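Residue numbers start from 1 in every chain, and the chains themselves are labelled A, B, ... in the order their sequence lines are given, proteins ahead of strands. The structure presented is a predicted model; accordingly, all values stated were derived computationally and were not measured.
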Protein chains: 2
Amino acid sequence: MNSLANISEPSAPASGCCAPDVLSRGLFALAHPARIEILRYLSGVDYCCCKDVVCRLQLAQSTVSQHLKILLEAGLVRMSPQGQRSRYAVDREALLALSGAVGGLLNACAARADENGREI
Amino acid sequence: MNSLANISEPSAPASGCCAPDVLSRGLFALAHPARIEILRYLSGVDYCCCKDVVCRLQLAQSTVSQHLKILLEAGLVRMSPQGQRSRYAVDREALLALSGAVGGLLNACAARADENGREI
DNA sequence: ATCGTTAATCGTCGATATACGATGAACAAG
DNA sequence: CTTGTTCATCGTATATCGACGATTAACGAT
């Protein structure tokens, strides 16, 4: 279906590691309490600036900026400079896409595909 | 609903970091291509031993054992010693629970809760 | 008892994550 | 122009991850 549907390559687990695909990237971005909290906060407002998040979480501004960058690079959050501030907002479509991809993967694994070859 | 439904604490972002809750742990376990591959493989068989996974992925036995341990500690996989082997199998209920938790979180964030206070 | 297989663990090493303070750039306001 | 605010980035320190080889334990088979 979409690009998020069939990830995590079937072969090519080369030397060091497997390729960090889009799904893994999204999951990694989600796999930190602070970033989950940021996402939940962002989802409750139309947009906000970095400072708002800093006031919300008890983290240094640079740390929050880093977390926002990770969410940004994972495509879960959008940003547009707004004067000296930055407008951060969740990308609701991306969240839905990730939700679908993760749900598809987990439900397929839980549903016991008849043989392993089944792509989700 | 279940214990996985409402995680990621609303407050208490203490000093160093936020508490690594169950959801974050599950997401982290999922956020690696090799572990995704292991999950998908496990889901296609009733059970298997570590060696089977080693043959499937191109990773050292110790590395696979580590990944299995992470999946185990995240509760996504079950294990029971079977002679000199180990029977590994996906915990399909846990996968469904995690799927529900992640889906709930992401869909709630995508759906724009009226105010931030809304728990998913 | 010995050997081979399997798997868990230990120790190590490089890469990365996560946190922070400090710095610098961009901009608004005076 | 100067000042204050906001934010991204840099540099750094610490912790953890992810990979591996080596070792050890448990077990089956001979």
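Residue B:R87 is out of contact with every strand shown, counting any heavy-atom pair closer than 4.0 Å. At the heavy-atom level, B:S86 lies under 4.0 Å from the strands shown only through sugar-phosphate atoms.
Residue A:S65 has its side chain nearest to D:dA8 when only C:dC10, D:dA8, C:dT18 are considered. The B:I70 side chain lies nearest to D:dG18 when the options are C:dC10, C:dT6, D:dG18. Checking C:dC10, C:dA19, D:dA8 against the side-chain heavy atoms of B:S62 singles out C:dC10 as nearest. In the set C:dA8, C:dT18, D:dC20, the nucleotide with an atom closest to the side chain of A:F28 is C:dT18. When distances are taken from the side chain of A:Q66 to each of D:dG11, D:dA19, C:dT6, the shortest belongs to D:dG11.
To the nearest angstrom, P of D:dT5 lies 11 Å from CZ of A:R85. The interatomic distance linking B:K69 (NZ) with D:dC20 (P) rounds to 17 Å, in whole Å. If you measure from atom CD of B:Q82 to atom C1' of C:dA8, you get 17 Å, rounded to the nearest angstrom. A:L72 has its CG atom 15 Å from the C1' atom of D:dT9, to the nearest Å. Rounded to a whole Å, the CG atom of B:L68 is 12 Å from the P atom of C:dT9. D:dG4 atom P lies 15 Å from atom NZ of A:K51, rounded to whole Å. Straight-line distance from the NE2 atom of B:H32 to the P atom of D:dT16: 18 Å, rounded to whole Å. A straight line from CD of A:E73 to C1' of C:dT16 spans 14 Å, rounded to a whole angstrom.
For the pair A:I70/A:R35, a side-chain contact is recorded, criterion being any heavy-atom separation below 4.5 Å from C-beta on. Put simply, the side chain of A:L98 reaches to within 4.5 Å of the side chain of A:L23, judged on heavy atoms.
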For A:L76 and B:L106, what are the C-alpha separation, side-chain angles and deciding distance, and is it a side-chain contact (heavy atoms from CB on, under 4.5 Å)? CA-CA 10 Å; A:L76 305 184; B:L106 288 178; 5.7 Å; no
Tell me, with the steps shown, if B:V45 and B:C48 meet side-chain contact (heavy atoms from CB on, under 4.5 Å). CA-CA 7 Å; B:V45 297; B:C48 72; 4.2 Å; yes
CA sep, side-chain torsions, deciding dist, call: B:V77, B:D91, side-chain contact (heavy atoms from CB on, under 4.5 Å): CA-CA 5 Å; B:V77 158; B:D91 188 329; over 6 Å; no
The test is side-chain contact (heavy atoms from CB on, under 4.5 Å); show your working for B:H67 and B:L57 and say whether it passes. CA-CA 11 Å; B:H67 282 309; B:L57 311 181; 5.8 Å; no
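Neither OP1 nor OP2 of D:dT6 sits under 4.0 Å from any side-chain N or O of A:Y88. Phosphate contact (OP1/OP2 of D:dC17, side-chain N/O of B:H67, threshold under 4.0 Å): absent.
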Give me the distances for all protein-to-nucleotides 23-25 of chain D N/O pairs that come in under 3.5 Å?
none

Could you list, one pair per line, each protein nitrogen or oxygen that sits under 3.5 Å from a nitrogen or oxygen of nucleotides 24-26 of chain C, together with the distance?
none

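Judged purely by atom type and a 3.5 angstrom limit, B:R87 has no side-chain atom pairing as donor or acceptor with the backbone of B:P81. Put simply, the side chain of A:R40 never gets that close to the backbone of B:C109: no donor and acceptor are under 3.5 Å apart.
Counting heavy atoms of neighbouring residues, nucleotides and ligands inside a 6.0 Å radius, atom CD of B:E73 exceeds 12 of them.
For A:S99, the side chain to side chain donor-acceptor pair (under 3.5 Å) partners at least two apart in sequence or on another chain are B:N107.
With the nearest nucleotide of DNA chain C identified for both B:C48 and A:A31, B:C48 has the one nearer the 5' end.
With hydrogens and angles ignored, no donor-acceptor pair closer than 3.5 Å exists between the side chain of B:T63 and the base of D:dG18.
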